[in-house]
Colleague: 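Take a look at this one; I'll ask things after.
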Amino acid sequence: MAAASPSSISFFSSSIFLSNSNPSSTKLHFLKPQSYPRLRVSTTIHSELTTLPVLSFDGTQVGSATLNLKSAPPDTARAVVHRGLTTDLTNSRRGTASTLTRAEVRGGGQKPYPQKKTGRARRGSQRTPLRPGGGVIFGPKPKDWSVKINKKEKRLAISTALASAFESTVVVEDFGDKFEKPKTKEFIAMMNRLGLDPKKKSMFLMTEVSDNVKLSSRNIGTLKLLTPRTLNLFDILDSEKLILTKGAVEFLNERYGLDSEEDKEEDEFEEAEDADEGTEVEGNPDSSE
């Protein structure tokens with residue numbers, strides 16, 4: 001057998017398996033991780049203060065209004081609004097779709113023909129899923145699609161969406177008493193005076209909607225007429241223009257402002273609950289054991 005050439009590579013000739021004659025010369029050098037500046041992400045809810053001009057029924061500017069809404073941090077605003085929107089759309093599903101399996105379909109209890117000596121494929125019921133009129137395999141059944149979301153998070157999603165749409169927001173005076181009778185032509189004329197295009201999607205937010213205003217606007221397919229009770233995130237994001245009355249601006253500042261009364265009440269309620277839990281723990285020192 002020929003001897004291995006010096007240039008040949010052997011597994012056991014690797015330097016990993018050879019003992020070093022000078023152990024003191026072997027030093028392990030560890031790479032020190034470089035220190036990078038830590039990015040600080042703002043997680044506090046801030047307020048968006050916006051001053052908007054107030055237009056009259058004729059379209060002339062008669063004053064200004066301040067819209068002070070709380071908004072999520074820029075890094076999390078998109079996620080908060082997305083969660084609020086998907087929750088609303090999911091909760092709007094009725095979940096009443098239902099199909100019948102072969103055991104629930106009426107009929108099919110008798111065997112259609114004998115098992116053998118017919119030359120046909122064996123069949124035990126006429127309601128098999130393979131035939132028309134039979135059952136459905138893995139069909140939908142009634143299901144509860146509701147998803148829970150915190151009240152504060154839902155209000156924050158709505159206020160963030162409203163605050164981000166201030167460039168396309170118009171404030172008008174209350175015009176509920178301007179329509180003496182239902183007339184769609186007059187409502188379209190008012191929209192033109194306010195600089196709105198009837199062919200584009202717009203949302204009106206009013207504290208009170210009179211019957212004449214409701215009847216005058218119901219034939220406009222691109223228009224949404226909402227009240228504080230029906231205000232929702234989908235219509236806010238789906239509209240190209242937001243029209244607010246002065247009463248609606250006051251409601252938004254009171255409900256979705258940074259120092260809203262509901263937030264104060266909930267904070268006081270949470271503090272009272274924490275205090276009650278603390279007193280219970282002090283009264284029962286052996287509860288932790």
Side-chain angles (χ1 to χ4, degrees), residues 42-48 50 52 67-98 140-171 196 198-209 213-214 217-245 247-267 269-270:
S42 176
T43 58
T44 58
I45 299 174
H46 61 282
S47 176
E48 292 287 346
T50 307
L52 301 173
L67 194 63
N68 188 12
L69 302 178
K70 58 184 177 182
S71 179
D75 297 329
T76 60
R78 188 182 183 89
V80 170
V81 175
H82 178 265
R83 174 171 166 78
L85 179 61
T86 54
T87 302
D88 289 345
L89 295 178
T90 304
N91 291 337
S92 64
R93 299 187 63 174
R94 299 178 61 185
T96 57
S98 181
K141 286 292 184 181
K143 180 180 178 180
D144 183 14
W145 292 94
S146 61
V147 181
K148 182 184 178 299
I149 185 173
N150 296 331
K151 292 182 180 180
K152 287 186 178 180
E153 187 177 4
K154 186 175 182 179
R155 287 201 299 265
L156 181 61
I158 294 177
S159 61
T160 302
L162 290 172
S164 62
F166 71 93
E167 294 182 355
S168 58
T169 303
V170 179
V171 180
L196 305 175
K199 296 182 180 180
K200 294 184 178 180
K201 294 182 179 180
S202 56
M203 186 200 76
F204 281 75
L205 180 61
M206 306 173 61
T207 54
E208 295 181 1
V209 181
V213 173
K214 184 178 180 180
S217 61
R218 66 177 180 178
N219 287 335
I220 306 175
T222 58
L223 180 66
K224 287 286 186 178
L225 198 62
L226 304 181
T227 60
R229 183 181 180 87
T230 60
L231 181 63
N232 61 89
L233 193 59
F234 179 82
D235 289 334
I236 296 174
L237 300 176
D238 190 49
S239 303
E240 299 182 21
K241 286 288 186 178
L242 302 180
I243 299 90
L244 312 175
T245 60
V249 172
E250 295 176 359
F251 164 76
L252 294 177
N253 290 332
E254 181 181 355
R255 178 71 181 274
Y256 301 102
L258 191 61
D259 298 330
S260 61
E261 295 181 358
E262 293 188 1
D263 290 344
K264 292 181 180 179
E265 292 178 358
E266 291 182 358
D267 293 339
F269 180 74
E270 291 177 358

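Starting from 1, each residue takes its place in the sequence as its number. No experiment lies behind these values; they were computed from the predicted model shown. Just so it is clear, the values below take in all heavy atoms, side chains as well, and ignore hydrogens, waters and symmetry mates.
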Colleague: Are any non-hydrogen side-chain atoms of L225 and T230 less than 4.5 angstrom apart?
Modeller: no
Colleague: Would you indicate whether the side-chain heavy atoms of V81 and L237 approach each other to under 4.5 Å?
Modeller: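 L237 vs V81: side chains touch.
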Colleague: Under 3.5 Å, side chain of T76 to main-chain N/O of A79, donor-acceptor pair present?
Modeller: no
Colleague: Shortest non-hydrogen contact from K199 to T222?
Modeller: O-CG2, 3.6 Å
Colleague: Quick one, N91 and V147 - any side-chain contact, counting heavy atoms below 4.5 Å?
Modeller: yes
Colleague: Grab the two heavy atoms, one from D88 and one from L233, that are nearest each other, plus how far apart they are.
Modeller: OD2-CB, 3.8 Å
Colleague: Could you grab the distance from atom CD1 of I149 to atom OG1 of T86, nearest 0.5 Å is fine?
Modeller: 7.5 Å
Colleague: Locate the shortest heavy-atom distance separating S239 from S202; write the atom from each residue and the value.
Modeller: OG-C, 4.0 Å
Colleague: Please check: side-chain N/O of N232 versus main-chain N/O of D235, any donor-acceptor pairing under 3.5 Å?
Modeller: yes
Colleague: Are the side chain of T90 and the backbone of T87 linked by a donor-acceptor contact shorter than 3.5 Å?
Modeller: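 No; zero donor-acceptor contacts below 3.5 Å.
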Colleague: Is it true that, when you exclude E240 itself, more than 12 heavy atoms of the residues, nucleotides or ligands shown sit nearer than 6.0 Å to its CD?
Modeller: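 Atom CD in E240 is crowded, with more than 12 foreign heavy atoms closer than 6.0 Å.
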Colleague: What's the spacing between K241 NZ and T169 OG1 if we round to 0.5 Å?
Modeller: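 Rounded to the nearest 0.5 Å, the NZ-OG1 separation comes to 8.5 Å.
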Colleague: Search all heavy atoms of L244 against all heavy atoms of V249 and return the closest pair with its distance.
Modeller: CB-CG2, 4.0 Å
Colleague: How long is the straight-line distance from OG1 of T227 back to CE of M206, given to the nearest 0.5 Å?
Modeller: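 So the CE of M206 and the OG1 of T227 are separated by 10.0 Å.
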Colleague: Is the shortest heavy-atom distance from the side chain of K200 to the side chain of L196 under 4.5 Å?
Modeller: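 K200 does not reach L196 side chain to side chain.
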Colleague: Kindly compute the distance separating CZ (F251) from OG1 (T245), expressed to the nearest 0.5 Å.
Modeller: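 The CZ atom of F251 sits 11.0 Å away from the OG1 atom of T245.
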Colleague: Which atoms form the tightest heavy-atom contact between L205 and P228, and what is the distance?
Modeller: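 Closest heavy-atom pair between L205 and P228: CD1-N, 4.0 Å.
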Colleague: Salt bridge (charged side-chain N to carboxylate O under 4.0 Å, His left out) with D238: which residues, sequence neighbours excluded?
Modeller: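 With neighbours one apart ignored, the set is K201.
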Colleague: Looking at every heavy atom in both K148 and N150, which two are closest together, and how far apart are they?
Modeller: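 Heavy-atom minimum between the residues: NZ-OD1, 3.0 Å.
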Colleague: Counting distance only, does the side-chain N/O of N68 pair as donor-acceptor with the main-chain N or O of G257 below 3.5 Å?
Modeller: no
Colleague: Let me check something: any side-chain donor-acceptor pairs from residues 158-168 under 3.5 Å, sequence neighbours excluded? List them with distances.
Modeller:
unit_1: S159; atom_1: OG; unit_2: K70; atom_2: O; d: 2.8
unit_1: S159; atom_1: OG; unit_2: R155; atom_2: O; d: 3.1
unit_1: S159; atom_1: OG; unit_2: L156; atom_2: O; d: 3.0
unit_1: T160; atom_1: OG1; unit_2: A72; atom_2: N; d: 3.1
unit_1: T160; atom_1: OG1; unit_2: L156; atom_2: O; d: 2.6
unit_1: S164; atom_1: OG; unit_2: T160; atom_2: O; d: 3.2
unit_1: S164; atom_1: OG; unit_2: A161; atom_2: O; d: 2.9
unit_1: S168; atom_1: OG; unit_2: A165; atom_2: O; d: 3.3

Colleague: Any side-chain heavy-atom pair from L69 and N253 closer than 4.5 angstrom?
Modeller: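 Contact flag for L69/N253 side chains = yes.
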